[in-house]
Amino acid sequence: MNKTLAYLRTSTDKQSLNNQRLEILEYARCNDLHIDDFIQISISSRKNRRARRIEELLEILNPGDTLIVTELSRLGRSTGEVITLIDELVDNDMAIFIV
């Protein structure tokens, strides 16, 4: 069965993940989606993919699954890094929604 995961990241622990969570939940409600799990972390985008839990996310997602984020910037520090990750998701038949 396909699953939908949400990825939430703030740069510091002084910022709140609540706004991202609420945005994603509202998007899911309006589009009749069920969020199976939230991967959330407060860490700088300067850290590596493993530290930002991107590797964990990729290990959990399977072909046919969906990833939801509030902004592309949540996935990486640079445009190139984000494009590489999106290419990886698409190449593995995973959908991504930016809400």
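Cluster membership for L75 and I24, using ILVMFWY side-chain heavy atoms within less than 4.5 angstrom, is not shared. In the hydrophobic clustering of ILVMFWY residues, with side-chain heavy atoms under 4.5 Å counting as a link, Y7 and L22 come out apart. By the rule that hydrophobic residues join a cluster once side-chain heavy atoms approach within less than 4.5 Å of another member, L58 and I43 end up as members of one cluster. Follow the hydrophobic side-chain contacts under 4.5 Å out from I98 and you reach M94 in the same cluster.
Looking only at side-chain heavy atoms (C-beta outward), F38 and L25 come within less than 4.5 Å of each other. Using a 4.5 Å heavy-atom threshold, the side chains of I86 and L72 count as touching. In this structure the side chain of L33 never reaches within 4.5 angstrom of the side chain of T66, judged on heavy atoms.
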* **Evaluation steps, side chain to side chain donor-acceptor pair (under 3.5 Å), between S44 and S11** => CA-CA 4 Å; S44 170; S11 298; 5.9 Å; no
* Taking it one step at a time, do E59 and R50 satisfy salt bridge (charged side-chain N to carboxylate O under 4.0 Å, His left out)? -> CA-CA 11 Å; E59 290 169 6; R50 183 153 304 281; 3.8 Å; yes
* May I have the step-by-step check of side-chain contact (heavy atoms from CB on, under 4.5 Å) for T4 and D65, ending in yes or no? => CA-CA 6 Å; T4 300; D65 289 348; over 6 Å; no
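Judged by distance alone, with hydrogens and angles left aside, the side-chain atoms of N31 form no donor-acceptor pair with the main-chain N or O of A28 at under 3.5 Å. At distances below 3.5 Å, at least one donor-acceptor pair connects side-chain atoms of K3 with backbone N or O atoms of I60. No donor-acceptor distance shorter than 3.5 angstrom exists from the side chain of D37 to the backbone of L5, with no hydrogens or angles considered. For N92 (side chain) and P63 (main-chain N/O), no donor-acceptor pair under 3.5 Å exists by modelled atom type. At least one donor-acceptor pair under 3.5 Å links the side chain of E81 to the backbone N or O of R77. A donor-acceptor pair is defined here as one N or O able to donate and one able to accept, closer than 3.5 Å; such a pair exists between the side chain of R9 and the backbone of R74.
Results of the side chain to side chain contact (heavy atoms under 4.5 Å, CB included) test with I54 over E88, R49, K47 single out R49 as the only residue that passes.
In this structure, Y27 OH and I68 CD1 are separated by 6.0 Å, a value rounded to the nearest 0.5 Å. Separating the OG1 atom in T70 from the CZ atom in F97 is a distance of 15.0 Å, to the nearest 0.5 Å. In this structure, CG in L8 is found 5.5 Å from CG in L17, a value given to the nearest 0.5 Å. Annotation: the span from R52 atom CZ to I41 atom CD1 amounts to 9.5 Å, rounded to 0.5 Å.
The shortest non-hydrogen separation linking G76 to S45 is C-CB, 4.3 Å. Residues A6 and I35 share a closest heavy-atom pair of CB-CG2, 4.0 Å.
Side-chain N/O atoms of Q40 and R21 include a donor and acceptor closer than 3.5 Å.
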